[in-house]
2 protein chains.
Amino acid sequence: MSQPSSIFDVFKQLKLKTTPHRIEILKILRTASQPIPADDIYAELRKINHNISLSTVYRTLETLSENSLVNKIGIENDNRTLYEPVADSHHHFLICLGCGKIIKIDECPLPENLEKSLEDQNNFKIVSHKLEHYGYCAKCQKLTNDDLKNKLHN
Amino acid sequence: MSQPSSIFDVFKQLKLKTTPHRIEILKILRTASQPIPADDIYAELRKINHNISLSTVYRTLETLSENSLVNKIGIENDNRTLYEPVADSHHHFLICLGCGKIIKIDECPLPENLEKSLEDQNNFKIVSHKLEHYGYCAKCQKLTNDDLKNKLHN
DNA sequence: GTGTAAATGCAAATGATTCCCATTTGCAGA
DNA sequence: TCTGCAAATGGGAATCATTTGCATTTACAC
């Protein structure tokens, strides 16, 4: 059994310098209840008086992403890139069109043999896939159309 | 049996004015072999000496999208919105990470009961979903890593 | 401790898309 | 066929997310 590695060790292994920015950004991502945009991370850091520049946030996220410590996620209805810490398991999302809430789904419902058959039929080598369901969360189902319109304008 | 409607009739029914721009843009989309960005449509129109402004291309696509004549598609690895004519059938895509080629898959491999069970388990009302497989097309599988790197830099 | 490559800050650049407003055009009704 | 007006358009400025250039600072190997 391998010991759980500290963030410091992880960085060392990846030949990345261990900087306060990187530690804080990873912490924020791991604490977040769902994938968040660079901007939110920036705001979060400012809130705790951690001074940082927005470009550093982007650069850090890019570096973490290249090193498989975070995933980039692009969803419909939000043109920003969202970030989540890399999880141990493959998963998908339910995405609320009303409030943007993102619910993680841990099982992958795709049939076992699907990738193989897609590959064979299309002479294509699959390396990943993305599945998202869009709709309305419990709260937003209760809102009227007018409520929703207002929400989208914020 | 209903007659196949002309584009003119379709526009009339939707209370949209029939303009040369709209006709041409729809034609380009229907002729395209895969979803394309606004910019390509703009370039295509210029090529055939059809003068138009880029903002009109965007506005037209937005209008057509609101009226369910075209679909907007957001894929990973391309921050632009792509557009395709609305097809009669639900479908998904294989997307090549090497050259951006998009292959349409006509069947939907999701289990019949999936949406219902996701809805019940998460108190969520699903209205649509999106499934994409990323990988390498026949051509790009043959390229070396260096070739691919070059490609990505174009 | 020191040198150096990596990381950062800040401002300017970029790329996609939207918005503003003056002008033009499709088309419903006279 | 003519006319009026709402809808559509052109063109440029504005916006929003993200990237880049460059001078300065910092982590860490030695």
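Since we're looking at a predicted model, the values are computed, not measured. Naming convention: chains lettered A, B, ... in sequence-line order (proteins, then strands); numbering from 1 in each chain.
Nearest nucleotide to the side chain of R80(A), out of dG26(C), dA17(D), dT17(C): dA17(D). Looking at the side chain of S55(A), the nearest of the listed nucleotides dA17(D), dC10(C), dA29(D) is dC10(C). In this structure, of dT17(C), dG10(D), dT8(C), it is dG10(D) that holds the atom nearest to the side chain of H21(B). Distance from the side chain of A38(A) is smallest for dT18(D) among the nucleotides dT18(D), dC28(D), dG11(D). If you check dT19(D), dA8(D), dA5(C) against the side chain of Y58(A), the one that comes closest is dT19(D). In the set dA6(D), dT26(D), dG9(C), dA6(D) carries the atom at the smallest distance from any side-chain atom of K17(B).
Residue contacts for D39(B): at a heavy-atom cut-off of 4.0 Å it reaches no nucleic acid atom on any strand shown. L54(B) comes within 4.0 angstrom of a nucleotide base, judged by non-hydrogen atoms across all strands. Nucleic acid contact class of R59(B) (heavy atoms, under 4.0 Å, all strands): base. As judged by a 4.0 angstrom heavy-atom cut-off over every strand, T81(A) is placed among residues touching the sugar-phosphate backbone only. At a threshold of 4.0 angstrom between heavy atoms, the contacts of T60(B) are confined to the sugar-phosphate backbone, with no base atom among them. Residue contacts shown for T19(A) are limited to sugar-phosphate atoms, with no base heavy atom under 4.0 Å away.
Taking atom CD on Q13(A) and atom C1' on dA29(D), their separation rounds to 18 Å, with Å as the unit. Distance, L45(B) CG to dT9(D) C1': 14 Å, rounded to whole Å. Here dT19(D) presents its P atom at 13 Å from CG of N79(A), a figure rounded to the nearest Å. In this structure, E62(A) atom CD and dA6(C) atom P are separated by 17 Å, rounded to whole Å. Per the geometry, CG belonging to D40(B) stands 14 Å off C1' belonging to dG15(C), to the nearest Å. As rounded to whole Å, 11 Å separates atom C1' of dT25(C) from atom CZ of R22(B). Separating the CD1 atom of I52(B) from the P atom of dT24(C) is a distance of 17 Å, rounded to the nearest angstrom. Between the C1' atom of dT26(D) and the CD1 atom of I23(A) lies a distance of 14 Å, rounded to the nearest Å.
Within the model, atoms CD of E107(B) and NE2 of H91(B) stand 12.5 Å from one another, a figure rounded to the nearest 0.5 Å.
Within 6.0 Å of NZ in K125(A) there are 12 or fewer heavy atoms belonging to other residues, nucleotides or ligands.
In this structure, P109(A) and L131(A) approach most closely via the heavy-atom pair CG-CD2, 3.6 Å.
Side-chain N/O atoms of T18(B) and base N/O atoms of dG26(C) include no donor-acceptor pair closer than 3.5 Å.
Side chain of N67(A) to main chain of T63(A): a donor-acceptor pair is present (N/O by atom type, distance under 3.5 Å, no hydrogens or angles).
Of the two residues contacting DNA chain C, namely K12(B) and K15(A), the nearest-nucleotide position lying further toward the 5' end is that of K15(A). Mapping L16(B) and P37(B) onto DNA chain C via the closest heavy atom, the residue that lands nearer the 5' end is P37(B).
OP1 or OP2 of dG9(C) sits under 4.0 Å from a side-chain N or O of T56(A).
Ring geometry, H129(B) versus H133(A): the interplanar angle falls from 30° to 60°, so the pair is classed tilted.
When side chains are defined from C-beta on, T19(A) does not count as touching F11(A), because their heavy atoms never get closer than 4.5 Å.
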